[in-house]
2 protein chains.
Amino acid sequence: MLGMPAADTALHADADRPSRREQILRAAAQLFAERGARAVGVDDVGAAVGVTGPAIYRHFASKDAMLAEMLLRISERLLAGGTERVADAGEDPLAQLRTLIAFQVDFALDNPALITVHDRDLGSLSEDDAAQVRRLQRRYVEVWVGVLGRLHPRADAASSRVRAHAVFGLINSTPHSAGRLPRRQMAALLAAMAEAAATS
Amino acid sequence: MLGMPAADTALHADADRPSRREQILRAAAQLFAERGARAVGVDDVGAAVGVTGPAIYRHFASKDAMLAEMLLRISERLLAGGTERVADAGEDPLAQLRTLIAFQVDFALDNPALITVHDRDLGSLSEDDAAQVRRLQRRYVEVWVGVLGRLHPRADAASSRVRAHAVFGLINSTPHSAGRLPRRQMAALLAAMAEAAATS
DNA sequence: CTCACGCGTGAACCACCGTTAACATCCTCG
DNA sequence: CGAGGATGTTAACGGTGGTTCACGCGTGAG
């Protein structure tokens with residue numbers, strides 16, 4: 001814990017000159033998305049940033065720790081962004097829904113790789129880490145469930161939860177249809193479909 | 001090829017008294033869905049049907065061959081079912097869409113495990129097998145694209161393809177929200193959402 | 001200057017797992 | 001009844017891949 005670099009564990013992205021740690025996480029996310037976390041070797045990740053495999057261990061305790069941090073960050077970003085958007089959207093449930101949809105669409109279009117890893121490789125996490133990720137996911141889902149519940153006052157919570165997962169599935173289809181349309185068009189289409197599905 | 005049992009390679013499901021081969025495929029599908037194909041050992045699959053690991057090789061050439069057959073079957077069932085439904089639905093694009101949606105919803109509710117494996121473990125297939133599966137998938141998508149194109153005559157094929165993937169994502173969210181609602185209610189909700197999204 | 005420490009390297013270790021080999025069992029059919 | 005094939009079992013092999021080790025090299029502080 002004391003030998004570990006103090007910054008960079010935080011959430012901020014460090015866009016301009018990413019530290020080695022960040023480079024590794026980014027490269028790993030890309031590789032994990034393409035082949036699946038278990039199919040990617042430590043050497044592959046190293047090679048992707050111009051370093052040998054074992055060098056990874058100067059920055060992460062283990063390969064699993066890498067994956068864990070990756071998934072935790074994603075979940076945290078989604079939860080934080082989602083709650084913030086809803087809070088800023090006023091009282092109107094439809095306005096809240098629209099901003100949530102726009103947020104999720106942007107995220108999915110910006111990070112198709114993270115989307116892929118997020119729901120494919122949760123299983124290859126330690127039980128503790130997996131539980132923590134699931135807690136964050138659950139809270140994010142609950143944000144959606146709240147909005148959907150206010151939008152459909154006669155529906156029960158279970159229906160709203162199913163609805164939320166269905167909308168996620170719709171929006172998170174981006175990895176399957178990436179690059180087929182210019183981004184603006186893609187975003188508009190997905191948002192329209194998501195809204196239609198959510199309000200049906 | 002000659003030593004291989006002649007029947008059972010076919011598509012029919014053999015519901016009543018499944019052969020060992022079928023038992024293995026079913027159990028493997030379940031395990032693969034839960035943990036991911038690479039995380040499941042041959043011994044695990046064997047144990048799930050009351051047999052040791054190497055016994056698998058009396059029925060399959062390799063673990064990869066198991067996965068390949070599994071994915072090929074799924075893709076074939078979807079393509080065959082989809083084309084058949086559309087052919088039986090007459091000329092009305094909306095009627096065609098409704099029957100396609102009903103078909104996909106039924107499949108997704110009946111086989112959440114297969115759905116999961118289908119788009120998570122394609123990557124761990126040999127290049128040849130993966131290509132074959134992708135060809136089938138593509139043809140199934142084209143069935144949807146045709147219907148969606150007739151439904152939105154002013155839209156280009158790329159939009160329809162994105163739309164198709166989005167609807168798949170919506171319906172195939174069943175593994176994430178399994179058992180939260182009674183099946184009838186679940187089917188009705190998903191179908192309504194899918195139709196709203198597809199016709200928006 | 002030099003000492004410590006951050007960052008990397010190549011080699012070795014070790015566990016896991018797919019696969020094969022060699023040997024039993026049982027059921028069927030001539 | 002006896003031969004053969006389908007089906008299993010246990011033991012062993014071999015590759016892959018995560019992790020550790022011992023060591024090298026630069027750089028900034030005392």
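Both backbone and side-chain heavy atoms feed into the values below; hydrogens, waters and symmetry mates do not. Sequence lines set the chain letters: A, B, ... in the order given, protein chains first and strands last, and positions in each chain run from 1.
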If I take atom [atom1] in residue [X] and atom [atom2] in nucleotide [N], what distance separates them, rounded to the nearest angstrom?
| X | N | atom1 | atom2 | answer |
| --- | --- | --- | --- | --- |
| B:Ile24 | D:dT7 | CD1 | C1' | 10 Å |
| A:Arg20 | C:dT9 | CZ | C1' | 13 Å |
| B:Glu22 | D:dT7 | CD | P | 13 Å |
| B:Ile56 | D:dA6 | CD1 | P | 18 Å |

Just the table, please: protein N/O against nucleotides 16-19 of chain D N/O, every pair under 3.5 Å.
| from | atom 1 | to | atom 2 | distance (Å) |
| --- | --- | --- | --- | --- |
| D:dG18 | OP1 | A:Val40 | O | 3.3 |
| D:dG18 | OP1 | A:Lys63 | NZ | 2.9 |
| D:dG18 | OP2 | A:Val42 | N | 2.7 |
| D:dT19 | OP2 | A:Tyr57 | OH | 2.3 |
| D:dT19 | OP2 | A:Lys63 | N | 3.0 |
| D:dT19 | O5' | A:Tyr57 | OH | 3.2 |

| message | Does a side-chain N or O of B:Thr52 approach OP1 or OP2 of D:dG8 to a distance below 4.0 Å, or not? | response |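 No.
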
| field | Presence of A:His59 side-chain N/O under 4.0 Å of C:dG8 phosphate oxygens OP1/OP2 | value |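 So the side chain of A:His59 is within the cut-off, an N or O lying under 4.0 Å from OP1 or OP2 of C:dG8.
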
| request: Identify the residue among B:Asp129, B:Asp119, B:Leu114, B:Leu125 that makes a side chain to side chain contact (heavy atoms under 4.5 Å, CB included) with B:Leu71. | output: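 Result for side chain to side chain contact (heavy atoms under 4.5 Å, CB included) with B:Leu71: B:Leu125.
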
| task | Please say whether the positively charged group of B:Arg77, taken as NZ for Lys or CZ for Arg, lies over the ring of B:Phe107, i.e. under 6.0 angstrom from the six-membered ring centre and within 45 degrees of the axis. | result |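 The answer is no; the distance or angle limit is not met.
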
| Do the ring planes of A:Phe168 and A:Tyr140 sit parallel (below 30°), tilted (30 to 60°) or perpendicular (above 60°)? |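 If you compare the ring of A:Phe168 with that of A:Tyr140, the planes turn out parallel.
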
| task | Taking all non-hydrogen atoms of both residues into account, name the closest pair between A:Ser173 and B:Ala166 and its distance. | result |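 What the structure gives for the nearest pair is OG-CA, 3.4 Å.
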
| request: Output, in order, the C-alpha distance, side-chain angles, deciding distance and verdict of side chain to side chain donor-acceptor pair (under 3.5 Å) for B:Arg85 and B:Gln96. | output: CA-CA 8 Å; B:Arg85 297 297 190 100; B:Gln96 295 174 343; over 6 Å; no

| query | Stepwise, does the side chain to side chain contact (heavy atoms under 4.5 Å, CB included) test hold for A:Arg138 with A:Val133? | reply | CA-CA 9 Å; A:Arg138 183 183 182 78; A:Val133 170; over 6 Å; no

| request: Determine whether any donor atom in the side chain of A:Arg58 lies under 3.5 Å from an acceptor atom in the base of C:dG6, or the reverse, and answer yes or no. | output: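 Not at all, since no donor on one side and acceptor on the other fall under 3.5 Å apart.
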
